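These notes are about the structure you will find just below.
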Amino acid sequence: MDREQGTLYLVATPIGNLEDITYRAVRILSEVDLIAAEDTRHSLKLLNHLQIKKPLISYHDNNRLSRAGELVARLKKGECIALVSDAGMPAISDPGEELVRMCAQENIRVTVVPGCNAALAGLVVSGLSTQRFAFEGFLPHKRSDRIKRLKELSNEERTLIFYEGPHRILNMLADILEVFGERQCALARELTKLHEEVMRGNLSELLSKFEARPPRGEFVIIVEGNNGEDKEESPDLSQLSTEELVRHYEEQGLSRMEAMKQAARDLGISKRDVYRSLL
Ligand code: SAM
């Protein structure tokens, strides 16, 4: 390995089945000086399975900013470091992004050892269009933020990919149904593991399946993009009458007063004039 300046290797690890690791990943993990892992105890199990003995250092959400500086300093001194997460590709809904950015800024070589990724694994078994897709990862936990994000996504034509664990998936599906309306969906559960299952159907069917049998395990949720059937046409606001403009903003969720204020701004008239024309 290059001793002048080290290399950061982003090494994908299995998302369940331990056989899903590449020859190159095994070689790199056994050659580097140090392995930075999201959870060292978790990664130790994989390393033991692969019979690899290497120093491990934790690199997780809570220490990623301070630890990144330390790792960059070691890379500069010539150490080679592999970054692994608990499962799949580091830096995809997992720590890594900042470390890579810092290495790029410092001109440190970063290379990827590709492999498993739950999002792509879920997409390809979903039966939904793989032509164009958008990865959204985890939706916000807070309901109001989640609804806001879903509204932003409701006109998205590409297939949408989300991550979620078993505890929030019911609420998440109910919110997707409420905001998007009925859509085709696939729930790819426990991929590559013993209880792997792909549930396909429309959102209400999948929700009612969960009522009979509560969700278990890790999920990739793949939702059909907006195929145009219920796509909202954005009206040409300049063609609307004052009354129509106010109604438009009310339908967007503004109060009557806020809608009138916004209409006044759009029309370049006073709020009083808007009020008068509504009488
Ligand atoms: N970095 C990982 C990757 O490349 O896929 C993703 C890590 S993210 C913290 C974990 C989420 O990925 C889980 O909550 C679940 O949504 C999804 N996931 C991971 N393993 C999975 C599996 N075997 N089957 C289904 N979903 C999985």
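Counting starts at 1 for both ligands and their atoms, following the listed order. Just so we're clear, the structure is a prediction, and the values are computed from it rather than from any experiment.
- No more than 12 heavy-atom neighbours from other residues, nucleotides or ligands sit within 6.0 angstrom of NZ on Lys271.
- Taking a heavy-atom cut-off of under 4.0 Å, ligand 1 is surrounded by Ile15, Ala87, Gly88, Met89, Ile92, Ser93, Asp94, Asn117, Ala118, Phe138, Tyr163, Glu164, Ala188, Glu190, Leu191, Lys193, Glu218, Phe219, Val220.
- Residues satisfying the side chain to side chain contact (heavy atoms under 4.5 Å, CB included) test with Phe138, not counting sequence neighbours, are Ser93, Tyr163, Glu164.
- Among residues two or more places apart in sequence or in another chain, the side chain to side chain contact (heavy atoms under 4.5 Å, CB included) test is passed with Glu70 by Ile57, Arg67.
- A salt bridge links Arg101 with Glu97; the closest basic N to acidic carboxylate O contact falls under 4.0 Å.
- A salt bridge links Arg213 with Glu197: the closest approach of a Lys/Arg side-chain nitrogen to an acidic carboxylate oxygen falls below 4.0 angstrom.
- Applying the side chain to side chain donor-acceptor pair (under 3.5 Å) test to residues at least two apart or on different chains, the pairs with a partner in residues 137-147 are His141-Arg168, Arg143-Asp175, Arg143-Glu178, Arg146-Asp175.
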